[in-house]
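Throughout, protein chains are lettered first and strands after them, A, B, ... in sequence-line order, and every chain is numbered starting at 1.
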Number of protein chains: 2
Amino acid sequence: MTKNCNFIEKLRGAGLRPTKQRINMCEVLFNREKTFHFTINDLVKMISEKMNQKISLATVYNTVHAFEKKGYLKEISIDSHKSYFDTNTSSHHHFFDEDTNELIDCDESDIDKINIRKNITGKKINSVEVLVRVASDNQNQK
Amino acid sequence: MTKNCNFIEKLRGAGLRPTKQRINMCEVLFNREKTFHFTINDLVKMISEKMNQKISLATVYNTVHAFEKKGYLKEISIDSHKSYFDTNTSSHHHFFDEDTNELIDCDESDIDKINIRKNITGKKINSVEVLVRVASDNQNQK
DNA sequence: CAACAGTTTAGAATTATTATAATGTAGATT
DNA sequence: AATCTACATTATAATAATTCTAAACTGTTG
């Protein structure tokens with residue numbers, strides 16, 4: 001219950017009105033020990049269950065995008081058909097298990113800092129992301 | 001003209017029948033000095049222009065996927081709405097210019113070899129890809 | 001508590017991709 | 001070269017993912 005207040009502040013701080021839907025969404029997304037990865041579909045299910053009623057798909061899309069813009073979520077795109085969001089918005093890399101479609105966080109010690117030697121004139125680097133695709137050792141490629 | 005023969009062999013070698021459409025597609029994709037990036041839409045236009053007649057969208061999708069499976073193309077996914085294919089199938093990294101939506105190849109000297117310390121039991125690494133997002137220096141984020 | 005601006009909603013619209021089934025074609029067989 | 005067959009292509013329908021719309025609703029401000 002006190003958590004709610006945090007989320008209300010969090011939303012207000014980002015200029016987002018703390019509506020019932022957004023607060024529920026915050027609880028599903030951020031009220032947990034560990035960060036996690038989800039798809040829009042996952043999320044709709046989770047929120048509907050939590051609220052014990054439907055939430056409009058449009059609202060979920062809107063809110064996810066609002067959260068993304070505010071830096072509360074990060075999108076991880078695997079291919080044109082698989083896109084995840086990550087509640088861990090710190091700069092970090094990922095493994096993607098092609099067998100299970102599971103996205104796995106790397107922590108800092110897993111991959112050395114990436115050193116970019118190229119410089120594009122007038123452009124600054126916004127992010128550097130590594131995606132390591134893995135698959136079962138016995139089967140070839142998949 | 002002699003190039004056609006190469007493409008016919010290339011297709012045959014991959015177990016793909018050298019049809020008119022596929023050969024045209026090969027010419028558009030592979031008969032050039034430098035490798036390049038494209039979207040399905042780009043490609044449909046390019047092929048239609050080259051053939052001076054329509055090509056079915058389904059054929060382009062089918063063929064692109066066939067080429068991808070055979071390792072003639074690689075998909076580069078930027079976000080859930082922007083997906084490119086790359087005729088450069090060697091292992092390499094990319095810059096993505098968020099202002100122009102342009103994908104830029106890195107060559108080997110641009111980024112040090114990525115050292116992966118994490119090991120996922122029973123899984124082998126299929127690919128390691130770095131995406132560096134850049135944007136204009138004066139505007140914040142975009 | 002009235003008023004307004006921002007939000008939610010269901011459903012329509014749009015876009016991207018895949019499936020379908022009829023027609024066409026490459027390559028093998030004769 | 002005619003025929004056959006499996007694979008390809010095609011237009012279109014179907015599906016899936018996302019965005020738009022316009023009406024109803026709800027925080028917030030005064």
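- Separating the CD1 atom of B/Ile23 from the C1' atom of D/dC7 is a distance of 15 Å, rounded to the nearest angstrom.
- Look at B/Ser56 and you won't find any side-chain N or O under 4.0 angstrom from OP1 or OP2 of D/dT9.
- Between A/His94 and A/His37, the ring planes lie perpendicular to each other; the angle is over 60°, past the 30° to 60° tilted range.
- Taking the ring centre of A/Tyr72 as origin, the terminal cationic atom of A/Lys10 falls inside the region bounded by 6.0 Å and 45° from the ring axis.
- Residue B/Leu16 has its side chain nearest to D/dA8 when only D/dT10, D/dT19, D/dA8 are considered.
- Checking C/dA26, C/dT17, D/dT10 against the side-chain heavy atoms of B/Arg17 singles out C/dA26 as nearest.
- For B/Ala58, whose side chain is taken as the heavy atoms from C-beta onward, the closest listed nucleotide among D/dT10, C/dT8, D/dT18 is D/dT10.
- One finds no side-chain N or O of B/Gln21 lying less than 4.0 angstrom from the OP1 or OP2 phosphate oxygen of C/dG24.
- The side chain of B/Asn62 has D/dT9 as its nearest neighbour among C/dT8, D/dT9, C/dT18.
- Here the options are A/Thr35, A/Ile111, A/Asp86, the test is side chain to side chain contact (heavy atoms under 4.5 Å, CB included), and the partner is A/His92; only A/Asp86 passes.
- Closest to the side chain of B/Thr63, out of D/dA17, D/dT9, D/dA11, is D/dT9.
- Comparing B/Arg12 and B/Glu75, the nucleotide of DNA chain C nearest to each residue sits closer to the 5' end for B/Glu75.
- Following rounding to the nearest Å, B/Asp79 (CG) and D/dT18 (P) show an atom-to-atom distance of 11 Å.
- As rounded to whole Å, 12 Å separates atom P of C/dA26 from atom CG of B/Asn24.
- Using a 4.0 Å cut-off, some side-chain N or O of A/Arg22 falls inside it from OP1 or OP2 of C/dT8.
- For B/His65 and C/dT17, the shortest distance from a side-chain N or O to OP1 or OP2 is not below 4.0 Å.
- Note on B/Thr19: a side-chain N or O is less than 4.0 Å away from OP1 or OP2 of D/dT9.
- Spacing between atom CD1 of A/Ile55 and atom C1' of D/dC25 amounts to 14 Å, rounded to whole angstrom units.
- Take the nearest nucleotide of DNA chain D for B/Lys20 and for A/Tyr61: the residue whose nucleotide is more 5' is B/Lys20.
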